[in-house]
Number of protein chains: 2
Amino acid sequence: MVKITDVARHAGVSPSTVSYALSGKRPISEETRQRVEASIRALGYRPHAGARALATSRSNVLALVVPLRAGIHVPVVMQFAVSVVTTARGHDHDVLLLTREEGEEGLRRVADTALVDALIVMDVQLADPRLPLLRSLDRPSVLIGFPAEPAGLTCIDLDFKAAGEACVDHLARLGHRVVALVGSPPEVYVRQTAFAQRVVQGFTAAADQGRLASSVHPCEASPAAARAVAEQLLREQPALTGVVVHNEAILEPLIDAFEELGLQVPGDLSVTAICPDELAESLRVPVTSIALPSGEVGARAVELLVKKLGGKAVPEATLLAPRMTERGSTARRAVA
Amino acid sequence: MVKITDVARHAGVSPSTVSYALSGKRPISEETRQRVEASIRALGYRPHAGARALATSRSNVLALVVPLRAGIHVPVVMQFAVSVVTTARGHDHDVLLLTREEGEEGLRRVADTALVDALIVMDVQLADPRLPLLRSLDRPSVLIGFPAEPAGLTCIDLDFKAAGEACVDHLARLGHRVVALVGSPPEVYVRQTAFAQRVVQGFTAAADQGRLASSVHPCEASPAAARAVAEQLLREQPALTGVVVHNEAILEPLIDAFEELGLQVPGDLSVTAICPDELAESLRVPVTSIALPSGEVGARAVELLVKKLGGKAVPEATLLAPRMTERGSTARRAVA
DNA sequence: ATGAAAGCGCTAACAT
DNA sequence: ATGTTAGCGCTTTCAT
């Protein structure tokens with residue numbers, strides 16, 4: 001292994017000069033900088049990550065904790081992870097992948113051993129058991145999603161409440177008076193995952209304010225469950241003309257079920273969703289939707305973390321405004 | 001930060017005793033071990049990862065290079081990654097996530113800086129530009145997939161050739177005489193991704209040997225493309241009764257298209273696939289399939305790597321035998 | 001503008 | 001069975 005002293009000898013300078021030439025933390029004459037850089041290339045020198053971490057107490061590694069449980073749409077997690085890695089690399093950091101299964105002990109481990117400088121935690125629940133730990137850790141973190149008590153933590157997410165509202169407002173503007181929210185699987189609500197709750201809040205609030213009749217229906221991630229919900233809605237809410245779907249897995253089967261039950265989308269029923277744009281675009285009936293901007297959230301999360309690592313203050317809460325794209329699945333309510 | 005000398009002082013022993021108590025690399029009297037462990041807990045001591053890496057030249061971190069390109073089924077990648085992380089943790093290792101976009105320079109970087117001890121590379125192509133680098137690196141690696149020239153490398157994957165054969169054999173045994181393979185998007189073949197090619201080889205070889213008429217059809221990952229292929233097959237191969245699908249994204253739309261075109265599955269057409277079990281199970285018509293065992297491949301890859309790190313020899317090639325599960329989508333050919 | 005040298009926290013000879 | 005100590009490779013203070 002070629003080390004900094006090898007480079008120093010080859011360039012005829014001291015190790016510290018090589019170090020400073022690399023970091024730019026003190027002025028180096030143009031001439032010696034050239035010689036040092038030439039030697040580095042000639043010898044193929046790479047600073048040893050562990051040695052550097054030891055000397056600087058910085059590993060330049062971020063931890064990313066991903067969920068892998070029922071009811072979470074996998075491509076969203078993946079896209080998020082990729083965007084975190086890409087953005088982190090742009091700031092000279094690498095990313096250590098942790099699963100949620102490691103629990104609090106896992107977070108403590110990577111933080112206390114100084115394996116990582118900071119942490120990004122996905123899939124935050126309203127009362128997340130990891131919150132006290134994250135508050136007490138000596139390393140900064142960013143949460144994806146908002147817990148019930150976000151004080152003292154840095155959180156970022158799509159503004160799901162606003163997203164729920166935007167869907168209802170869109171439907172109301174098109175003249176719809178009876179709307180339903182088909183949501184995530186029951187376990188997601190039982191777990192009190194924040195984002196699912198917030199959609200419900202926004203949906204309900206906007207419906208109440210606009211004096212729409214509304215109802216909420218959790219739904220398992222299976223075509224059969226989608227079919228069941230569709231049948232139930234037709235039976236119990238015959239006046240229904242607007243549906244908001246917040247469940248990637250059943251968006252397509254649900255629309256299929258409605259059509260098989262004789263309802264045209266958007267002729268008889270307007271459907272809008274909160275889901276990744278790629279999904280909304282790819283369906284047989286392209287769906288008007290609020291984008292789930294996983295890539296942007298990931299990138300912003302890393303940027304927040306890098307700022308915190310640099311000692312800069314960052315806002316505790318970052319809510320990304322919902323962005324709606326109209327596609328073919330919503331239309332003005334047909335007047336009977 | 002609490003360090004090993006703090007623990008030593010607190011326990012009234014030397015730092016090396018603490019170190020050895022932790023590693024078990026030399027005998028410690030039961031009594032002092034107790035004292036040391038008590039002190040460790042009392043102080044909440046965690047060895048500094050960087051310091052340890054510097055002293056041992058082992059970071060206990062594995063690199064995982066994931067693809068994120070068109071034509072790759074995301075859940076498979078994710079499941080693989082999770083299984084790698086879980087298995088690695090079982091061997092006291094962590095996982096650094098790299099995207100393929102970092103290229104050879106990225107691999108060289110994490111290897112030469114000693115950030116990682118070893119590498120797992122997914123989505124290997126027949127003539128992968130990273131192969132020479134991986135051969136020359138001073139750190140062990142395991143490839144997921146087989147390049148054209150695997151000599152000197154450790155590779156593991158499902159035996160895709162055998163999988164292609166098994167599908168044809170299954171169909172042949174049911175009396176089918178004209179079969180088609182609906183494969184991955186064209187770009188996957190153009191890129192010469194090994195596994196796609198091998199399915200074609202196995203499919204074709206088995207068909208030729210069994211004297212079945214056969215044809216191969218790449219297919220984009222869109223319902224429209226699936227529909228087009230279905231129509232083309234009916235038009236050009238009216239005698240077709242058996243289809244092998246190797247393309248997760250279009251398995252469901254393709255079956256839908258066949259049925260819309262008036263073909264019952266499995267009454268008129270037997271369909272078998274190479275795909276994750278969860279997908280095959282979840283369809284309206286559960287599909288007879290060869291499992292894509294991402295979890296097992298990930299776990300085995302880590303185990304191979306850990307063995308290599310331990311200085312043990314491992315086989316260059318590991319081919320996982322295909323495992324077929326019969327579900328509702330294949331049946332004996334109806335005799336006209 | 002550059003060099004010398006003292007750590008960073010841990011492990012593993014080399015003692016005893 | 002345990003202690004002493006010399007590094008591991010790098011950064012950064014302190015000199016000059």
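Letters A, B, ... are given to chains in the order of the sequence lines, protein chains preceding strands, and every chain is numbered from 1.
- At a threshold of 4.0 angstrom between heavy atoms, the contacts of A:Thr17 are confined to the sugar-phosphate backbone, with no base atom among them.
- Not a single side-chain hydrogen bond (donor to acceptor under 3.5 Å, both in side chains) links B:Asp159 to another residue, sequence neighbours left out.
- Legend: salt bridge (charged side-chain N to carboxylate O under 4.0 Å, His left out) pairs involving residues 7-21 of chain B, not counting sequence neighbours, sorted by first then second residue: B:Asp6-B:Arg9.
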Between protein and nucleic acid, restricted to nucleotides 13-15 of chain D and to nitrogen or oxygen atoms under 3.5 Å apart, what atom pairs and distances do you find?
none

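- Using modelled atom types, one finds no donor on one side chain facing an acceptor on the other under 3.5 Å when comparing B:Thr86 with B:Ser83.
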Got a list of side-chain donor-acceptor pairs under 3.5 Å for residues 296-303 of chain B, not counting sequence neighbours?
none

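- The closest donor-acceptor contact from the side chain of A:Glu316 to the backbone of A:Gly152 lies under 3.5 Å.
- Using a 4.0 Å cut-off on heavy atoms, none of the residues of residues 105-114 of chain B approach DNA chain D.
- One atom, CG of A:Asp6, and another, P of D:dG9, lie 9 Å apart when rounded to the nearest Å.
- Taking a heavy-atom distance under 4.0 Å as the criterion, the stretch of DNA chain C touched by chain B extends 5' to 3' from C:dG9 to C:dC14.
- Applying the salt bridge (charged side-chain N to carboxylate O under 4.0 Å, His left out) criterion to B:Arg26, with sequence neighbours excluded, gives no partner residue.
- Here the rule is side chain to side chain donor-acceptor pair (under 3.5 Å) with A:Glu31, and of A:Arg33, A:Arg35, A:Gln34 only A:Arg35 fits it.
- Taking the side chain as every heavy atom from C-beta outward, A:Ile120 and A:Ser141 never approach each other to under 4.5 Å.
- Annotation: side chain of A:Ile156 is not in contact with side chain of A:Leu319 (no heavy-atom distance under 4.5 Å).
- Counting only residues at least two apart or in different chains, side chain to side chain donor-acceptor pair (under 3.5 Å) contacts with residues 47-56 of chain A are absent.
- Interface residues of residues 32-60 of chain B facing DNA chain D, ordered by number: B:Thr32, B:Leu54, B:Ala55; criterion, heavy-atom separation under 4.0 Å.
- Atom CZ of B:Arg9 and atom P of D:dT4 are 13 Å apart (whole Å).
- For residues 132-157 of chain B, there are no salt bridge (charged side-chain N to carboxylate O under 4.0 Å, His left out) pairs, not counting sequence neighbours.
- A:Thr17 and A:Ser14 are linked by a side-chain donor-acceptor pair at a separation below 3.5 angstrom, with hydrogens and angles left out of the test.
- Rounded to 10 degrees, the angle separating the terminal helix axes of the helix from C:dA1-D:dT16 to C:dT16-D:dA1, each built from five base pairs, is 40°.
- Nearest-nucleotide mapping onto DNA chain D: of B:Pro27 and A:Ile4, the residue sitting toward the 5' end is B:Pro27.
- A 4.5 Å side-chain heavy-atom check between B:Lys312 and B:Val306 finds every atom pair outside the cut-off.
- Contact between the side-chain N/O atoms of A:Lys25 and the OP1/OP2 oxygens of D:dT11 is not found at any separation under 4.0 Å.
- Other residues, nucleotides and ligands contribute more than 12 heavy atoms inside 6.0 Å of the NZ atom of B:Lys308.
- Within the structure, the salt bridge (charged side-chain N to carboxylate O under 4.0 Å, His left out) test picks out the following pairs touching residues 73-101 of chain B (sequence neighbours left out): A:Glu102-B:Arg89, A:Arg109-B:Asp94, B:Arg89-B:Asp94, B:Arg100-B:Asp123, B:Arg100-B:Asp128.
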